[in-house]
Amino acid sequence: MELFEQPGTESRITLFAELMLPIPVPKLFTYRVPLPLNDKIMVGQRAIVPFGDRKILTGVVVSVTDQPPKQYEAKYILELLDDFPSVTELQFKLFQWMADYYLCTTGEVMNAALPSGLKLSSESMVQLNPAFNLEESDFDFSEKERMLLKRLVGESMEYSAISKFLGVKTVYSLLKSLVGKGAIILYEEVKEKYKPRTERRIRLTDVYAVASALEGLFETIGTKPKQEAIVLKYLQDVPVLSHAEANKHGLAHKQLMSDDTLSESSLRTLIKNGVFEEFEVVVSRFEEEPLPDQHIIQLSEEQHQAQQAILASFKEHSATLLQGVTGSGKTEIYINLIKQAIEGGSQVLYLLPEIALTTQIVQRLRKIFGTTMGVYHSKFSDNERVEVWNGILNGRFKFVVGVRSAIFLPFDNLGLIIVDEEHDASYKQQEPAPRYHARDVAVVMAQLHHAKVLLGSATPAVETYYQALQGKYGFVKLDKRFGEARLPTLVLADMGRERKQKTVKGEFSGLLLKSIGDALSKKEQVIVFQNRRGYSPMVNCEDCGWVPKCVNCAVSLTYHQYRHALVCHYCGYREALPQNCPTCSSTRLKTVGYGTEKLEEELMLHFPDARIQRMDLDTTRSKSGYESILDHFERGETDILVGTQMVTKGLDFDHVSLVGIFNADRMIHFPDFRSYERAYQLITQVSGRAGRREVPGTVVIQTSSPDHPLLVTILNHSMEKFYGDQLEDRRQHSYPPFSRLIDVTIKHVDKKVCREGADALFKLFRSAMPGTKLLGPGEPMVSKIRNQFLMSILVKIPRGSSELGALKQALMQCIQQLLKEKEHRNTRVIVDVDPV
DNA sequence: AGCACGCCGACT
DNA sequence: GTCGGCGTGCTC
């Protein structure tokens, strides 16, 4: 119904609002609107509502009607949190699309979309009943009850804190008994998470903000030098006399008192005497930057042509692929396009993979776009995220650089979305639902906004490449490196032959060692890439073959030397490395295989004078670890950088002349239909780090199969052949882009129940989804994680199937049916659409 | 997802 | 016998 039909007249009818709540239940919840809110409520506003017996949640208004629900009595909305909508109409459409496509609930999408600062919820709290006295009580109390009551004196506690304090898992029965005895009170505390930042400011009161009053003031405080100093400092910073209105803004307390010879108590006195007054203003968490510098970015001829081609392509395609070799200068083109879109009056979203969104790139963009640019990063605090969200709503930000989840920001007039490093797997959310792919969502978003999408990559995903080949996406290539830089030379180190010739030392081929030595002697930098962290992925008893395994997962433990511990990379379980083998008592426990840590150690032996740094999850976990390692490297304070995937992204370094790649074989032979693609992308991306300017770089790839067709293809830089081969392969085995995949994982603590559930589900699928190919059920590579056994079924839906929606519905119904059976009640089923 | 209620084993 | 474990069903 129309809410604004009768302006001015307060409607007396009772309204009901349908709310989207952040819970995985596939429906909306209807609440009653309190009469005073009738004229205030709008679709898209957030509302606080009671949920269940004692929870309070934040929901979003999806619709308002005057029809009461028939099945139940609606509860009242407690409060509306916004004066204007926080969620836009387009976002609701997107949420719905995502829920349908990724087979999850809109509540789950909403949960992922809203920064938690916008989702206040309640915490159940326990408090001592003030009318209660333990000594005078007629009831008996258990030891635990007494302990808790003592602890609660003068302090409220959360449920979770209590269960921790008492060391029991279920705390409810105990609390219920205490409530019954009148000893405690349970209540809900709503936590407002978002707090605007405020600043204390000082200004002269109106009485003293005029010249005559000030003259009089100086006469009276002439004997009080400390007060005089403060007034002088104020007048020095705020030109009250020449600009009367300047006093209105006052001076930040921090700035006024920045000189620590000034006395805080004298300021207090001045305030008490009515000379100064103190006030608070809301300030942004984002620092005001100097005005953007407007210099124009000079594009090379190739860049200019590519830009023109992109603009032409935008006229015909909503999505365009820009394939530009590493170092071809895609960023400059992006910047130009962003500028144009903003000048045209529309909003722009620039997505980057998590580890590529560095302070360096932000600073560079900041210089050009100033404070109209918002930054949305998972490392930012929640308050900062809320400010970006609101900044989009109120028009402060026209442009946002962000990671995956920035796709959820409340744009209302998006003109351009750039997805840089489009092939990057971090765009796909793995856990929890919605398991969405931000690149694909961006394409849908663009359609909703009638905006354009630019997908950029040196090594596009095979699926994207195919769309471009087919003409569904526009296709622009940029295949010359910027300036005169040439593509690096790739060389294979044949490990088999070197082993025979005994030139291999540890894990290093003679060729790589010599190349590193040469580079170091020329004062050039080296990157060594090994896609495996830790010291060594396995420990092995040389006498009996015993291997330490994780107690919760079906994996062997990785040895981390710096922590002196065996660590599980799946659940985080840790244990000490035993001195003796627990089965045969042998002391001959040996590490097998190489991680970054061990490579680093070995490099130190070979090149004792070189400055070596390691960059992997373990060295970058701390807040600034990543930035500082890159800084060191950029400033030339590191000679050799050893790292995992992380070294494939990030900055372009000018002095790297050599890249060493370990274990190319392991990447290639990984049992997955995407292994070639991944190996190709990884090798090409790391190689791109080598040789930027005049010096052409060298890449040494260590392999035991130097004749492998994939390596030959990479060596020849024959990118088109690579994609051609891949597409042919995928077509034959009907993998994406020739089919759509849905990965269904069945989880249960009992291995047998898990298997049976998978078998049962497979049978249901087979009869409910004709026309699909089913693979499995089978154990995934890691068949147990966190004490849950796993089985998986892969569903292949032919490309272009008109029944995609129907098949998905059928799939969900099969799962529902399985879970109805008693023995599978406790089974968890995870559905992953378009798994990567 | 939480969270309350209810039914079962191992301890005083 | 009770306490504390976890399985089950519901939330406007």
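Chain letters run A, B, ... following the sequence lines, proteins first and then strands; every chain starts at 1. Side chains included, hydrogens not; waters and symmetry mates left out as well; all remaining heavy atoms used.
- Put simply, CD on A:E18 is 15 Å from P on C:dC12, counting in whole angstrom units.
- The only option from A:L78, A:T14, A:I41, A:I77 that meets the side-chain contact (heavy atoms from CB on, under 4.5 Å) definition with A:P34 turns out to be A:I77.
- Between A:L15 atom CG and C:dC12 atom P the separation is 20 Å, expressed in whole Å.
- In this structure, A:V25 reaches the bases: a heavy-atom distance under 4.0 Å links it to at least one base atom across the strands shown.
- For A:R825, the side-chain atoms get nearest to C:dG9 when compared with the rest of C:dC12, B:dA1, C:dG9.
- Atoms CG (A:L57) and P (B:dG2) sit 10 Å apart, rounded to a whole Å.
- Rounded to whole Å, atom P of C:dC6 lies 16 Å from atom CG of A:D750.
- Cation-pi geometry between A:K747 and A:F789 is not met at under 6.0 angstrom from the ring centre and within 45 degrees of the axis.
- In this structure, the CZ atom of A:F29 is 5 Å from the C1' atom of C:dT11, given to the nearest Å.
- Side-chain nitrogen and oxygen atoms of A:K55 include none within less than 4.0 Å of the OP1 or OP2 phosphate oxygen of B:dG2.
- Relative to the side chain of A:Y72, the nucleotides C:dT11, C:dC12, C:dG7 differ in distance, and C:dC12 lies closest.
- Geometrically, A:R786 does not engage A:Y570 in a cation-pi contact, judged by NZ or CZ lying under 6.0 Å from the ring centre and within 45° of the ring axis.
- Here B:dG2 presents its P atom at 16 Å from CD1 of A:I56, a figure rounded to the nearest Å.
- Residue A:P69 is out of contact with every strand shown, counting any heavy-atom pair closer than 4.0 Å.
- Here A:P22 lies out of heavy-atom contact (under 4.0 Å) with every strand.
- Checking the phosphate oxygens (OP1, OP2) of C:dC12, a side-chain nitrogen or oxygen of A:Y31 falls inside 4.0 Å.
- Between A:K822 atom NZ and C:dG7 atom C1' the separation is 14 Å, expressed in whole Å.
- Taking atom CG on A:N826 and atom P on B:dA1, their separation rounds to 12 Å, with Å as the unit.
- Nearest heavy-atom pair, A:Q91 versus A:P410, reported as atom, atom and distance to 0.1 Å: OE1-CB, 3.2 Å.
- At least one cation-pi condition fails for A:K75 and A:F29: the charged atom is not both under 6.0 angstrom from the six-membered ring centre and inside a 45 degree cone around its axis.
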